[in-house]
Number of protein chains: 4
Amino acid sequence: MSEKKIKVAIVGASGYSGQELLRLLLMHDNVDLVCVTSRQSAGQKLTEVFPRFCGGGGDDLSFVAPSIDGIAASGAECAFLALPHGVAVEFAEGLVDKGLRVIDLSADFRLEDVAVYQEYYGKEHPSPVLMKEAVYGLPEVYGEKICDARLVASPGCYPTSILLPLIPLLREKLIAADSISVASMSGASGAGKKADTSLLFAEINESVRAYGAPKHRHLSEVEQELSHAADTTVKISFVPHLMPITAGIYTTIFSNLIDAVNAEKVGEFLQAAYGDSVFVRLRGEGGFPDTKNVSGTNFIDIGWVVDERTGRLILMSAEDNLGKGASSQAIQSFNLMFDLPENASLMHF
Amino acid sequence: MSEKKIKVAIVGASGYSGQELLRLLLMHDNVDLVCVTSRQSAGQKLTEVFPRFCGGGGDDLSFVAPSIDGIAASGAECAFLALPHGVAVEFAEGLVDKGLRVIDLSADFRLEDVAVYQEYYGKEHPSPVLMKEAVYGLPEVYGEKICDARLVASPGCYPTSILLPLIPLLREKLIAADSISVASMSGASGAGKKADTSLLFAEINESVRAYGAPKHRHLSEVEQELSHAADTTVKISFVPHLMPITAGIYTTIFSNLIDAVNAEKVGEFLQAAYGDSVFVRLRGEGGFPDTKNVSGTNFIDIGWVVDERTGRLILMSAEDNLGKGASSQAIQSFNLMFDLPENASLMHF
Amino acid sequence: MSEKKIKVAIVGASGYSGQELLRLLLMHDNVDLVCVTSRQSAGQKLTEVFPRFCGGGGDDLSFVAPSIDGIAASGAECAFLALPHGVAVEFAEGLVDKGLRVIDLSADFRLEDVAVYQEYYGKEHPSPVLMKEAVYGLPEVYGEKICDARLVASPGCYPTSILLPLIPLLREKLIAADSISVASMSGASGAGKKADTSLLFAEINESVRAYGAPKHRHLSEVEQELSHAADTTVKISFVPHLMPITAGIYTTIFSNLIDAVNAEKVGEFLQAAYGDSVFVRLRGEGGFPDTKNVSGTNFIDIGWVVDERTGRLILMSAEDNLGKGASSQAIQSFNLMFDLPENASLMHF
Amino acid sequence: MSEKKIKVAIVGASGYSGQELLRLLLMHDNVDLVCVTSRQSAGQKLTEVFPRFCGGGGDDLSFVAPSIDGIAASGAECAFLALPHGVAVEFAEGLVDKGLRVIDLSADFRLEDVAVYQEYYGKEHPSPVLMKEAVYGLPEVYGEKICDARLVASPGCYPTSILLPLIPLLREKLIAADSISVASMSGASGAGKKADTSLLFAEINESVRAYGAPKHRHLSEVEQELSHAADTTVKISFVPHLMPITAGIYTTIFSNLIDAVNAEKVGEFLQAAYGDSVFVRLRGEGGFPDTKNVSGTNFIDIGWVVDERTGRLILMSAEDNLGKGASSQAIQSFNLMFDLPENASLMHF
């Protein structure tokens with residue numbers, strides 16, 4: 001294993017994505033964690049806030065208040081931003097200016113079109129130039145661009161689970177671009193570590209509920225990327241649901257096959273797209289993924305069935321919303337950016 | 001409250017539907033529970049098998065082995081069958097012959113067409129005449145027929161959650177009959193009290209997984225009833241999912257609105273259909289149901305959103321799979337059959 | 001069933017105890033709910049805040065801001081206080097002055113000794129005269145006093161689960177008063193509906209943790225009542241634990257039998273104490289209670305084993321922390337105060 | 001990292017301990033997994049039975065039926081036995097005879113005294129000579145003996161959680177040997193992957209229940225080891241509870257301090273015992289462990305409080321029942337036996 005060590009900062013390390021970044025980067029053989037910031041935990045030891053990490057190599061780290069100068073002064077070559085939407089943009093600009101490479105887990109740089117940003121986020125984008133430069137951090141699609149990126153906009157959890165199954169099939173025009181409906185089910189960590197009574201254990205336990213339909217913010221990046229794949233404007237219906245699990249997203253996608261003969265090609269094209277992929281695991285036709293099989297990992301499992309009675313293809317994917325849906329996927333981009341093996345320190349089961 | 005007491009038997013009372021029937025019938029003011037059968041618990045006291053019910057009026061009851069003669073000899077006027085599919089048919093025939101009215105919670109009498117039965121259940125129906133006579137026990141649709149029925153085929157849990165939102169809209173031709181896709185999420189009790197390692201706590205906890213697609217057995221009764229409503233053959237796509245909750249079904253339905261102007265009529269027609277209903281609660285446009293609000297009850301909550309971007313209507317329903325999806329709905333039919341108030345002893349919250 | 005209707009107010013109805021009071025009082029045949037208060041939900045309809053209760057008889061109720069005059073003006077004869085500790089005292093005084101009978105679910109009036117109050121709650125008791133008058137609301141112990149009380153201090157959830165198993169045995173001097181150690185496990189609703197990140201689903205799910213030892217506030221009332229029973233000062237060790245369940249408390253109690261011959265008397269004396277009780281269900285020696293059997297009810301199940309190898313008696317109890325541990329027990333007191341059957345509208349399973 | 005590779009077999013790899021061994025050994029840099037057996041999954045690919053492990057280095061492995069000759073023929077130098085009690089003994093004898101070193105996760109070789117074995121397991125020990133030779137696999141206590149052992153009897157999950165906190169304190173005579181009472185709470189995986197309706201999700205969810213008291217089988221090994229530490233016969237009271245979590249054990253221990261002055265020494269002696277330990281993490285006085293912090297790891301977290309009012313010391317420990325309570329602890333022994341760093345491939349967070 002390479003002895004190379006990259007100096008890394010995590011900005012906003014006390015939320016759930018930040019905690020998962022911490023977990024994975026503390027175990028990463030090629031990472032030297034030099035700076036972890038948290039507004040609310042500044043001054044506290046890492047292991048005080050997260051006793052889970054005691055003895056894990058970060059026992060000497062303490063949280064500091066976030067500041068661009070402070071992060072730069074830590075010597076970090078790369079910064080992961082696990083900040084709320086709207087807050088990340090400022091740090092991204094400042095840190096890129098200081099010469100750091102930045103992987104942003106927020107939505108601030110995922111869109112290409114300032115008008116779409118305005119429509120979905122309700123305000124003008126404060127940094128449109130950098131927005132243009134940012135690379136959408138889906139390594140299975142934009143791997144080469146990620147290698148050279150200064151700023152990677154790491155995808156959201158729902159988008160990853162929708163995009164990876166659909167992109168190869170839209171590219172090959174196997175399914176009708178206007179026929180896509182998606183039901184996604186997310187674990188509670190996806191809602192963030194927020195002091196909100198609707199997220200209490202006693203509210204989420206024994207509860208299943210949809211929310212945010214029909215125009216969830218993540219739709220904007222999903223449709224942007226699906227439209228690229230289809231080479232035409234794609235609009236989908238999307239219903240997210242909140243589930244009583246801690247981590248994991250399950251996504252079930254309905255779409256119409258263009259013609260019946262394409263049924264057998266589904267597996268073929270998915271295989272062509274992902275046969276060499278480390279982290280996309282095809283469960284085959286009739287194979288049902290399970291969030292249980294991907295929790296804590298960077299894998300996304302994809303299965304499908306063809307409903308001949310209705311002419312529909314039903315795709316299903318399972319990922320860890322904090323893993324392939326957030327933090328481990330960001331590290332996959334990091335590995336590419338710093339010329340490490342794509343799976344470096346990501347092969348957990 | 002009426003002093004009328006109906007003598008009732010529960011046949012197959014040790015599974016989850018049986019247990020919920022027990023719970024509700026022990027609390028039912030107009031029921032005298034005279035016989036509870038269970039092959040595996042025969043000879044044991046009711047309160048030994050279900051300590052929850054101690055002190056609840058059934059302390060003197062013991063399970064007996066099921067036999068048609070025994071049940072008839074108990075004096076029961078009505079028998080609820082909570083038996084496996086294929087087993088119920090024999091008891092239904094025998095008990096109807098003995099003059100009892102029967103409410104069957106299995107799938108044995110839900111279909112009208114022997115060919116469809118054969119297709120989905122893989123064998124000839126053993127009692128095609130009685131099959132014709134049986135009334136599909138959805139009180140909001142077949143209330144009048146249920147009043148006079150000798151044999152009620154109480155609907156499955158998934159079907160109830162799909163049929164009630166869709167039937168009024170298909171009747172009024174607001175949505176395209178060939179555009180319906182359904183994702184349902186069921187609690188683990190829906191799989192029954194079976195000694196199967198895939199149903200262990202450690203397998204289902206922190207797990208979300210689809211199964212049984214694209215041709216789940218329940219499709220047959222769903223499509224039969226939707227076709228009646230639409231007055232044309234309806235075929236849908238249906239994906240059931242298993243969730244880590246004990247009880248509850250959440251169903252999300254995608255369909256295409258026939259034309260945009262119909263959007264405002266959705267609420268109008270649902271209101272017309274269910275405004276007087278005791279147990280269907282409309283949450284309105286933008287209202288998201290939650291399984292938490294219906295657990296342990298006979299309510300089904302229905303909400304919807306119109307996705308103008310795609311022209312789709314998205315309907316959502318929540319019910320308790322053991323309640324409105326099974327046992328309390330069966331009791332709703334019982335109330336109608338015995339001329340009791342429809343909600344007698346069903347107003348639990 | 002009696003047609004008598006008591007006019008009732010719930011003060012502080014938006015927390016978990018308040019919600020359970022609402023549920024049970026809406027279903028109570030002898031209650032006319034005339035006033036529900038909530039600082040944070042004032043102005044909202046009851047069914048908007050709690051969609052579960054739609055169609056349940058409270059559809060016309062709205063939350064009002066709490067005020068003594070307003071509550072009195074509602075015509076309420078009895079007020080349940082589901083307010084935070086320290087806030088309840090003011091309402092209790094004001095409402096008793098106005099002639100209402102009050103059932104306080106907070107800890108404000110549970111202690112007899114102002115010095116103990118000061119020690120455990122860190123401040124002087126603001127209403128020592130009323131404190132003396134208040135009756136500790138454990139119906140199995142103080143049933144007669146409760147009948148005539150103006151102010152009932154309804155016990156905490158942990159205390160109920162500890163006191164009911166121990167009191168008869170301490171009275172009869174079967175166990176050594178200085179030998180008692182208690183491990184209790186509580187569901188997450190016991191921590192209240194607080195916007196606190198440590199209570200989020202993702203924090204409590206898959207987590208078991210002790211807290212609050214060795215001097216939890218509830219110790220004060222537990223030791224007060226145990227000392228009364230033993231007729232000597234009793235001090236116990238008590239460790240509460242937080243469990244990933246919504247509702248329920250399980251309490252396991254270790255104590256030394258005074259002498260071996262007493263082993264057989266344990267069941268005898270518990271039977272003598274609770275044989276006629278509606279809500280205490282003895283599971284017998286070797287009978288293990290289960291929170292699952294009491295959730296949503298006013299039952300407390302008690303079992304025990306004698307550990308002959310060590311001379312210890314191990315008692316176990318299970319109750320719903322929001323039921324017998326809070327709201328349904330308060331209603332049991334209410335039934336006694338207003339000369340209703342003790343179990344009126346409490347026989348849910 | 002050492003390039004050394006040990007050839008390893010897992011015998012009985014389809015249960016929960018076996019699955020965790022698989023997970024950890026597939027990721028172990030110094031292990032070459034040459035043989036995995038399972039009676040029920042024989043002939044199936046590893047990744048078919050456990051899709052979680054796809055892409056994890058074991059894609060070419062298939063389960064074989066267990067046989068001593070077959071295992072020996074695989075070239076394995078070491079065999080882990082994850083077999084039911086009573087079945088392991090036969091394989092242990094046969095494999096040791098063939099020259100393999102064996103780590104047995106069952107209870108078959110944990111006791112020293114054939115009479116105690118007979119008392120707790122109800123039959124004569126079939127291999128008393130090998131029983132004498134076996135080393136109790138608690139590395140923090142028997143590390144040196146484990147290094148040279150041919151047969152390690154890896155401890156049970158409850159025992160580990162009880163022994164590690166108590167042993168140093170009994171050795172130093174800080175607590176009274178006859179004063180110990182233990183309440184343990186275990187996740188559902190501890191009950192094994194058994195087709196038993198009492199272990200279904202719908203039975204364990206929202207349930208807390210004690211079982212197996214007062215004479216659980218694990219008591220025998222606990223008391224054996226505590227007696228060694230105290231140098232006198234120790235008998236304790238022990239109540240295991242089943243919790244709705246997948247993995248984890250929480251143990252709360254009550255004991256009497258010999259004299260008050262010892263209170264401050266508790267931390268001192270625990271620190272002396274475990275200050276250099278990799279896997280025992282002391283949370284300090286007033287520090288409450290949490291199963292959430294140790295799940296999936298080989299850590300055990302220990303905290304304590306002194307209850308001055310009663311003179312008791314209350315110790316609390318948290319471990320993963322499949323980790324430090326079973327499989328990762330077995331691998332810790334393996335690391336010692338094969339002269340690898342004690343924490344080789346065990347530093348997961």
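Proteins get letters first, then strands, A, B, ... in listed order; numbering begins at 1 in each. Atom set for the values below is all heavy atoms of this structure, side chains included, hydrogens, waters and symmetry mates excluded.
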Identify which part of [X] has an atom lying under 4.5 Å from any heavy atom of chain B, answering side chain, backbone, both or neither.
{"X": "A:Glu203", "result": "both"}
{"X": "A:Ala318", "result": "neither"}
{"X": "A:Asn256", "result": "neither"}

Exercise for the section: Please look at B:Ser295 and chain A and tell me whether the side chain, the backbone, both or neither of the residue comes under 4.5 angstrom of a heavy atom of that chain. Expected result: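 Nothing of B:Ser295, per the 4.5 Å heavy-atom cut-off to chain A.
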Problem - Approximate separation, where rounding is to 0.5 Å, of A:Arg209 CZ and B:Thr291 OG1 - result: 9.0 Å
Exercise for the section: Starting at CD1 of A:Ile180, measure out to CZ of B:Phe254 and round the result to the nearest 0.5 Å. Expected result: 12.0 Å
Exercise for the section: For B:Leu219 and A:Arg309, run side chain to side chain contact (heavy atoms under 4.5 Å, CB included): C-alpha distance rounded to whole Å, both residues' side-chain angles, the deciding distance at 0.1 Å, then the answer. Expected result: CA-CA 11 Å; B:Leu219 257 186; A:Arg309 302 163 56 263; 3.6 Å; yes
Completion exercise
What one should report as the nearest heavy-atom pair of A:His241 and B:Thr252 is NE2-OG1, 2.7 Å
Completion exercise
Shortest non-hydrogen pair, B:Phe288 vs A:Ala213, comes out as CZ-O, 3.6 Å
Practice task
Count the heavy-atom pairs under 4.5 Å between each of A:Gly187, A:Pro214, A:Pro244, A:Ser179 and chain B, then report the option with the highest count.
Solution key: A:Pro214
Exercise for the section: Quick one: which of A:Glu308, A:Met316, A:Lys215, A:Glu223 has the most heavy-atom pairs under 4.5 Å with chain B, could you say? Expected result: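 With the most close heavy-atom pairs to chain B, the winner is A:Glu223.
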Problem - Check: B:Glu206 side chain, A:Lys292 main-chain N or O, donor-acceptor pair, under 3.5 Å - result: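 Not confirmed, B:Glu206 side chain does not pair with A:Lys292 backbone.
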Exercise for the section: With the side chain counted from C-beta on, respond yes when B:Met185 and A:Met243 share a heavy-atom pair under 4.5 Å apart, and no when they do not. Expected result: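 Side-chain contact under 4.5 Å: yes.
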Problem - Any A:Asp290 side-chain heavy atom under 4.5 Å of B:Val208 side chain - result: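 No. Closest side-chain heavy atoms not under 4.5 Å.
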Handout entry: Residues of residues 228-240 of chain B within contact distance of chain A, non-hydrogen under 4.5 Å
Key =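 Heavy-atom contacts from residues 228-240 of chain B to chain A are B:Lys235, B:Ile236, B:Ser237, B:Val239.
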Problem - B:Glu119, CD: over 12 other non-hydrogen atoms inside 6.0 angstrom - result: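 Buried by this count: over 12 neighbours within 6.0 Å.
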